[in-house]
Amino acid sequence: MSTTPAPENQMEAIVSLAKRRGFVYPSSEIYGGFNGFFDYGPLGVELKKNIRDCWWNDMVRRRDDVVGIETSIIMHPKVWEASGHVAGFTDPLVDCKVSKQRYRADQLFFAPVVIDGKTVGYVSALESEKTAEDLQAAAESFKRKKGIQGTLLPVAIRDMTEAQPDEIALIPSPATGEPGSLTEPRSFNMMFQTNVGAMTDGSSVAYLRPETAQGMFVDFKNVIDTTRVKLPFGIAQIGKSFRNEITPRNYIFRSREFEQMEMEYFIHEDADWSQCHQEWIEWCRQWLISVGLPESHLSLYAHPKEKLAFYSRGTVDIMFKYPFGVQELWGIAARGSYDLTQHANASGKPQEIFDETTKKKFVPHVIEPAVGVDRIFLAVLCAGYAEEDVTDEKGNVEKRTVLRLSPRIAPVKVAILPLLKNKEALTNRAKALYTKLKRNYAVQYDDGGAIGKRYRRQDEAGTPWCVTIDFDTVEKEGDTFTLRERDSMAQRRITETELLALLAEHVY
RNA sequence: GCGGGUGUAGUUUAGUGGCAAAACACCACUCUUCCAAAGUGGUUUCGACGGUUCGAUUCCGUCCACCCGCACCA
């Protein structure tokens with residue numbers, strides 16, 4: 001019988017296991033932790049590296065039409081002006097301290113109520129089709145209620161980004177109608193700033209990249225000039241990105257420093273982008289399945305047209321059912337020629353390709369599958385985590401915690417276990433096998449404690465197979481070991497040749 | 001950023017204004033012929049800072065972190 005912990009406890013159990021076994025630690029923990037940042041421990045770094053390697057192998061090396069690059073994390077500040085991040089990543093927000101409502105400052109409007117040339121108060125309104133009328137009506141109502149005589153001037157509308165500090169306390173909250181509860185507009189540009197060089201004035205400001213994608217666009221010309229790629233082709237990159245998230249949440253799901261795997265697939269301007277988009281969505285879905293995510297936990301979400309960024313022709317997210325809800329895992333966006341055009345305009349360097357048939361130059365369009373390594377990491381942990389009730393020979397029921405990770409990404413592929421550690425014949429054979437296997441695979445040698453305990457220890461680490469060197473190995477013909485499978489706990493005898501074949505088949 | 005909750009060992013949790021504990025884990029030794037065996041020994045803890053107090057892990061304050069809800073997530 002298998003039991004799954006209730007959803008409200010599952011994240012806790014996973015976080016606890018991840019810490020206990022050395023997958024994920026809170027960042028800077030001895031200083032009390034640091035919100036939005038995480039460290040990956042010895043098992044975690046292996047798992048993460050395997051996720052990256054699988055993606056790189058499948059996306060770059062095993063394809064003829066995708067090449068890889070690695071661009072710098074800090075790029076010329078103009079990159080982010082051209083991409084729209086300097087302007088678009090800023091969202092000044094205003095809070096109402098009484099109602100706890102939060103407003104975008106540029107969508108919250110106000111006006112002074114001016115009677116006989118004297119400002120007697122303020123009115124406010126949210127952005128709508130008739131903001132001006134609303135404010136005018138509010139001003140008239142204000143005048144009536146206060147019983148002030150005189151001539152009311154037409155209201156002069158401004159939004160909260162233009163409010164003077166001494167005005168903010170006088171502007172009523174749209175929620176309560178009373179002044180005094182609104183905060184100053186706070187700017188939340190999500191790009192981390194730093195300074196390059198010795199000077200720290202405005203001229204030296206640079207940004208930590210909030211996405212790796214711009215590297216592919218900025219190096220587009222370099223790649224087509226120095227390699228033999230022909231449309232359609234992709235440029236891929238894996239690397240760290242940084243976003244100063246207002247509220248990091250859900251463990252490593254939304255953190256301030258994270259790792260992206262992005263690919264920009266460039267196609268002819270006349271190509272059927274919709275079909276290409278669909279093909280990449282399916283490719284990504286199959287890839288997720290290939291690293292062990294159950295199809296049942298995956299779903300697609302097409303962004304509604306009216307919510308798309310103006311340059312986007314369509315964005316589909318592959319969603320994953322996390323314990324805390326169905327959340328975005330992999331976004332596949334059709335971005336048209338927006339990015340290359342932006343950089344062409346900003347840099348003055350055309351980003352074009354020559355079409356031999358039409359003898360015309362054009363800017364390619366792009367399909368962008370973008371995924372976070374950390375989100376896949378969390379997904380495989382959540383999907384693989386299980387607690388089972390197992391009954392032993394005496395009828396005792398015990399809990400088994402197991403991490404069902406695909407052999408492709410499991411941090412340890414095989415554990416080599418001598419049945420007993422005080423019998424040299426066993427340990428010598430085990431060490432020889434260990435030495436041989438570790439040249440090509442991540443393997444562990446473990447002779448500590450009883451065999452059952454070692455099996456369970458490997459279960460928690462997600463090791464798909466254990467190989468036990470027993471007396472039959474060294475005393476009987478055939479040099480066979482016990483192969484114990486993590487998921488079924490089944491055992492069978494296997495030769496070294498068969499073990500190598502098993503690994504070659506499942507670890508790729 | 002707001003409201004609520006929570007911080008004690010690697011993990012899960014007891015407990016107290018006066019020597020800080022248990023289980024599991026981990027390490028060592030003995031033992032052990034296939035699913036968290038047994039014995040002995042051992043390492044490790046009151047999130048940080050300040051206040052009250054003769055004395056604070058405990059009470060108070062501030063901060064930090066984590067969880068839940070709201071808001072936010074070009």
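All values derive from a computational prediction rather than experimental measurement. In what follows, chains carry the letters A, B, and so on, assigned in the order in which the sequence lines appear, proteins first and then strands, with residues in each chain numbered from 1.
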Practice problem: Calculate the interatomic distance between A/Glu245 atom CD and B/A71 atom C1'; express it in whole Å. | Solution: 14 Å
Exercise. Take the protein atom NZ of A/Lys476 and the nucleotide atom C1' of B/U33, then report the distance between them rounded to whole Å.
Key: 12 Å
Self-check item: Of A/Arg256 and A/Ala490, the one whose closest RNA chain B nucleotide lies more 5'
Solution: A/Ala490
Self-check item: Base of B/C35 paired with side chain of A/Arg484 (donor-acceptor, under 3.5 Å)
Solution: yes
Exercise. With the side chain counted from C-beta on, respond yes when A/Lys19 and A/Glu29 share a heavy-atom pair under 4.5 Å apart, and no when they do not.
Key: yes
Quiz prompt | Gap between atoms CD and C1', on A/Glu475 and B/U33 respectively (whole Å) | solution = 10 Å
Practice problem: Starting at the 5' end of nucleotides 25-32 of chain B, put B wherever the base has a protein heavy atom under 4.0 Å, S where only the sugar-phosphate does, and a dash everywhere else. | Solution: SS-----B
Practice problem: Give the rounded distance in Å between these two atoms: CD of A/Glu387 and P of B/C35. | Solution: 22 Å
Quiz prompt | Whole-angstrom distance between B/U11 and B/C67, as gauged at atom P | solution = 15 Å
Practice problem: Pick the P atom in B/C46 and in B/A56, then give their distance to the nearest Å. | Solution: 15 Å
Exercise. Find the partner of B/C63: check Watson-Crick (N1-N3 plus N6-O4 or O6-N4) and G-U wobble (N1-O2, O6-N3) distances, both under 3.5 Å, and reply none if neither fits.
Key: B/G47
Quiz item: So what does A/Tyr25 hit on the nucleic acid, given a heavy-atom distance under 4.0 Å: a base, only sugar-phosphate, or nothing?
Solution: nothing
Practice problem: Check the angle between the aromatic planes of A/Tyr122 and A/Phe110 and answer parallel, tilted or perpendicular using the 30° and 60° thresholds. | Solution: tilted
Exercise. For the residue pair A/Thr341 and A/Gln351, establish whether any side-chain heavy-atom pair is separated by less than 4.5 Å.
Key: no
Practice problem: Using Watson-Crick or G-U wobble geometry with both distances below 3.5 Å, tell me the partner of B/U12, or none. | Solution: B/A22
Quiz item: For A/Glu424, does the CD atom sit with more than 12 other heavy atoms under 6.0 Å from it, leaving out its own atoms?
Solution: no
Exercise. Give one of base, sugar-phosphate or nothing for A/Glu460, where a contact means two heavy atoms less than 4.0 Å apart.
Key: base
Quiz prompt | Rounded distance in Å - NE2 (A/His85) to C1' (B/C73) | solution = 13 Å
Practice problem: Starting at atom CG of A/Asn250, determine the distance to atom P of B/C72, rounded to an integer number of angstrom. | Solution: 16 Å
Quiz item: For atom P, what is the distance between B/C73 and B/G4, given to the nearest Å?
Solution: 24 Å
Quiz prompt | Rounded distance (Å) that lies between atom P of B/C66 and atom CZ of A/Arg249 | solution = 10 Å
Practice problem: May I ask you to check whether A/Phe324 and A/Tyr251 place their ring centers less than 6.0 Å from one another? | Solution: no
Quiz item: Hey, what's the ring geometry for A/Phe377 with A/Phe23, parallel, tilted or perpendicular (30° and 60° as the breaks)?
Solution: perpendicular
Quiz item: Contact class for A/Glu211 vs. all strands (heavy atom < 4.0 Å): base, sugar-phosphate, or nothing?
Solution: base
Quiz prompt | Partner nucleotide, any strand, of B/U58 [Watson-Crick/G-U, under 3.5 Å] | solution = none
Self-check item: side-chain N/O A/Asn35 vs B/C66 OP1/OP2, d < 4.0 Å
Solution: yes
Quiz item: Which sits closer to the 5' end of RNA chain B, A/Gln491 or A/Gly33, going by the nucleotide each is nearest to?
Solution: A/Gln491
Self-check item: P gap between B/C60 and B/A38, integer Å
Solution: 43 Å
Quiz item: What orientation do A/Phe37 and A/Phe192 show, parallel under 30°, tilted 30 to 60°, or perpendicular over 60°?
Solution: tilted
Self-check item: Any-strand Watson-Crick or G-U partner of B/C29, both distances under 3.5 Å
Solution: B/G39
Quiz item: For A/Glu388 and B/C35, what is the distance between atoms CD and P respectively, to the nearest whole Å?
Solution: 16 Å
Exercise. For B/U11, take OP1 and OP2 only and decide whether either is under 4.0 Å from a side-chain N or O of A/Lys19.
Key: yes
Quiz item: Just checking A/Ser16: base, sugar-phosphate only, or nothing, at a heavy-atom cut-off of under 4.0 Å?
Solution: sugar-phosphate
Quiz item: Taking it one step at a time, do A/Thr427 and A/Tyr445 satisfy side chain to side chain contact (heavy atoms under 4.5 Å, CB included)?
Solution: CA-CA 10 Å; A/Thr427 55; A/Tyr445 181 88; 3.7 Å; yes
Self-check item: A/Thr247 side-chain proximity, nearest of B/C35, B/A71, B/A36
Solution: B/A71
Quiz item: With a 4.0 Å cut-off on heavy atoms, is A/Arg454 in touch with a base, just the backbone sugar-phosphate, or nothing at all?
Solution: nothing
Quiz item: So do the side chains of A/Thr468 and A/Arg484 get within less than 4.5 Å of each other, counting heavy atoms only?
Solution: no
